[in-house]
Amino acid sequence: MTDEKPESRPAANFIEDIINADLAAGKNGGRVHTRFPPEPNGYLHIGHAKSICLNFGTAAKYGGKCNLRFDDTNPTAEDVEYVDSIAEDVRWLGFQWHGEALYASDYFQKIYECAEHLVREGKAYVCDLTAEQTSEYRGNFYKSGKDSPFRSRTVEENLDLFRRMRAGEFADGSRVLRAKIDMQHPNLNMRDPPLYRIKKAHHHRTGDAWCIYPMYDYAHPISDALEGITHSICTLEFEDHRPLYDWCIQNLPLPYQPRQIEFARLNLTYTLMSKRRLLQLVNEKLVSSWNDPRMPTLSGLRRRGYTPEAIRAFAERVGVAKNDSTVDVGLLEFAIREDLEKRAPRALAVLRPLKVAIDNYPEGQVDWFEAPNHPDDPSLGTRKIPFSKVVYIEQDDFMENPPKKWFRLSPGAEIRLRYACLIRCTDIVKNDKGEVVELHCTWDPASRGGDAPDGRRVKGTSHWVSAAHAVKATVRLYDRLFTVENPGGGDKDFRSTLNPASLETLTDARIEPSLAEAAPGARFQFERLGYFCADAVDSKPGTPAFNRTVQLKDGWSKLVKAGKP
RNA sequence: UCGGGGAUCGUCUAAUGGCAGGACGCCAGACUCUGGAUCUGGCUAUCAAGGUUCGAAUCCUUGUCCCCGAACCA
């Protein structure tokens, strides 16, 4: 990078302020070491992406390191399926963790030894209260707690009992190890919190080696300290767990003293961001899977056609602060448009075909027009598109009785077929129901390529495909999954606000021939429509299926909406 | 009625006692073989009331509103 001293760099957010101050105070020997600590109990979503970008990005900015650590202290909720998907998603986003992927379960032995240390110091005890009794003894916001009758057990008795817990002598839920702090503490987290519970459950990594598992509040600070984490960044709801985090760091013989910093998690309009509810969508088949392109999961966004670059740029723009906030989903859409606008090759595709016969075009003739793959970037090259006597245009591009500012085709009007020629509508054909099913047009042979030699201007340009050469394709049009800004907000069941039109599958779309062999995952701009990608699962060369990633900005529909077309 | 946080354009976010700035959005215009892109110009904000100060978004006081917290979840 530069020879600039780290602490002289202007801070991008309050976390960097803190790091700069720590660096200036000579803490941690000048090191910056963060970690991303997902629990492997679900798929990563766009909210996690913010945290990933923050943790990995901050470390990188300071020339530090960032660990990937699976927080797997609750075997009943966790699964290897999730650890695999999480690792894949982090890599896809473009980040490389320091060393091997780590697991809190790697530290179970050390965490256990720390617990014995607390017991020996008289700072932890085995408690036989039931969960209900524990809760009762804890008191509540307004009522202080009272000491457990087991609080005064001797060190010897506690050590014996704890070892027998570990040895599997007691039933699930019959005892816990608790920190001995203060049952009168105004912060409920400090009222003798449980450190270990008995769970005779199979763990995805440690198997049956353990039947007691540490709680998050206890295992997390130890894991951080063991790894030499300097700044342990988490979300706001852990703010009042920080005293307990610090208590653990202070009362245990640990090699490092990490510091917890909390920031506001990402909320997005029209988007659900809770793992529990996302799981529900999957389990209840309200979406096809975790990677359904309508899901806010990273695997869903990837399949939808989002790029890692766009997601990182989005995270950057959203910023980092402590205000509860809900970002407009439009900002995410802006990020992917911005990225794809410069990189996606253009192509012509007609979603809802309307047949157009060019009456004065010679039967059997084919013109191959050359079209740039990107109008502003010649380095993407060109391709040839076939033109013949019958073409399809978009149904939306014709109106029999158009409003005033209509630039597209209508009876008697002339438009340009993109990169091909000018055509004028001479006649329309309707079916029994009075719907327009076919247009008759004439072309101006002098306009070959798209410009008239007489210099006449044509306002409208339509995309099109040659009927004889176009390939049929499946195109899935995705829209937001919910109809309300805050699904599941208030007392509404989020399932009642699902958008019934979140997926529309078109099976009669026609694409230009060059698109037929698109590689799965390849992204294109279908001109005048939006960005699309060949589906990574269902699209095969020869039988393509495209997902709409996002629509192009649409000035016309905006006019219509404003009521002034 | 307890503890912990937070209130700046419509939405995010900066300004760390010294010009309230940026991005998205929106509006108007230019340009255009995508009603796309691009380019101009514009719009809109310091929760309230007092105080300190030459000067307050920032410091103090009082109040209001919002979020989180009572799993042997993370």
Side-chain angles (χ1 to χ4, degrees), chain A residues 11-14 17 37-39 41 71 73-74 76-78 127 129-131 134-135 138-145 172-178 185-191 193-199 212-213 215-217 219-220 234-243 262 264 266 269 275-276 316-335 337-338 341-342 346 348 371-372 374-376 405-408 415-420 422 449-451 457-463 525-530 551-559:
Chain A
N13 58 52
F14 79 98
D17 281 335
E39 183 187 14
N41 68 343
D71 213 331
T73 57
N74 184 5
T76 53
E78 297 149 8
C127 181
L129 255 26
T130 64
T134 304
S135 164
R138 186 159 35 228
N140 56 41
F141 298 151
Y142 317 112
K143 192 168 144 240
S144 78
D172 282 16
S174 61
R175 283 176 230 262
V176 292
L177 182 74
R178 290 228 250 168
H185 200 108
N187 180 342
L188 267 48
N189 295 124
M190 298 296 270
R191 319 241 261 229
L195 267 24
Y196 264 96
R197 74 283 214 191
I198 303 171
K199 264 182 199 271
I212 57 172
Y213 292 93
M215 303 289 292
Y216 165 87
D217 281 327
H220 206 87
C234 64
T235 44
L236 249 28
E237 68 270 25
F238 293 103
E239 212 153 15
D240 52 14
H241 293 234
R242 192 180 345 124
E262 312 84 10
L266 175 70
T269 55
K275 275 200 218 172
R276 203 194 94 239
E316 190 67 36
R317 276 165 209 270
V318 155
V320 178
K322 295 189 73 161
N323 310 335
D324 295 301
S325 59
T326 303
V327 174
D328 191 330
V329 73
L331 191 61
L332 216 212
E333 294 173 350
F334 169 79
R337 280 196 199 101
E338 181 188 44
E341 146 61 28
K342 31 180 220 280
R346 312 292 138 124
L348 299 181
H374 194 294
D376 307 314
K405 292 182 184 167
W406 180 259
F407 304 160
R408 283 119 92 156
I415 58 159
R416 172 170 30 242
L417 296 181
R418 180 83 160 153
Y419 299 129
L422 302 182
D451 284 305
R457 315 274 291 216
V458 171
K459 206 91 191 254
T461 298
S462 283
H463 54 282
Q525 183 197 99
F526 290 178
E527 295 218 30
R528 302 210 310 132
L529 295 172
Q551 280 179 279
L552 248 30
K553 280 210 288 189
D554 181 356
W556 170 248
S557 74
K558 210 151 99 180
L559 274 184

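Here is how names work: the chains are called A, B, and so on, in the same order as the sequence lines, proteins then strands, and each is numbered from 1. This one's a predicted model, so the numbers in the text were calculated from it and none came from an experiment.
- Among the heavy atoms of the strands lying under 4.0 Å from A:Val320 are primed sugar atoms or P, OP1, OP2 only; no base atom is included.
- For B:A7, the OP1/OP2 oxygens have no side-chain nitrogen or oxygen of A:Lys322 closer than 4.0 Å.
- With hydrogens and angles left out, the side chain of A:Arg337 and the base of B:G36 share no donor-acceptor pair within 3.5 Å.
- Nucleotide B:A71 is shown with a syn base, its glycosidic torsion being within 90° of 0.
- A:Arg418 places no side-chain N or O within donor-acceptor distance of the main-chain N or O of A:Ala371, the cut-off being under 3.5 Å.
- Distances from the side chain of A:Asn13 to the nucleotides B:C12, B:A14, B:A74 place B:A14 closest.
- Taking 4.0 angstrom as the limit, A:Thr269 places none of its side-chain polar atoms (N or O) nearer than this to OP1 or OP2 of B:U11.
- For A:Lys405, whose side chain is taken as the heavy atoms from C-beta onward, the closest listed nucleotide among B:C12, B:G35, B:G4 is B:G35.
- Counting any heavy atom pair closer than 4.0 Å across all strands shown, A:Glu527 reaches a base atom.
- Pairing for B:U32 is absent, judged as Watson-Crick or G-U wobble with the two contacts each under 3.5 Å.
- Nucleic acid contact class of A:Pro375 (heavy atoms, under 4.0 Å, all strands): base.
- Looking at heavy-atom distances under 4.0 Å, A:His220 makes no contact with the nucleic acid at all.
- Closest contact between the side chain of A:Ser135 and the listed nucleotides B:C73, B:G3, B:A71 involves B:A71.
- Of the side-chain N and O atoms in A:Asn41, none sit less than 4.0 angstrom from OP1 or OP2 of B:C73.
- On a pure distance criterion of 3.5 Å, a polar donor-acceptor pair joins the side chain of A:Arg346 and the base of B:U34.
- By the 5.5 Å and 30° criteria, A:Phe141 is not stacked with the base of B:G3.
- Phosphate contact (OP1/OP2 of B:G36, side-chain N/O of A:Arg418, threshold under 4.0 Å): absent.
- On a pure distance criterion of 3.5 Å, a polar donor-acceptor pair joins the side chain of A:Asp240 and the base of B:G3.
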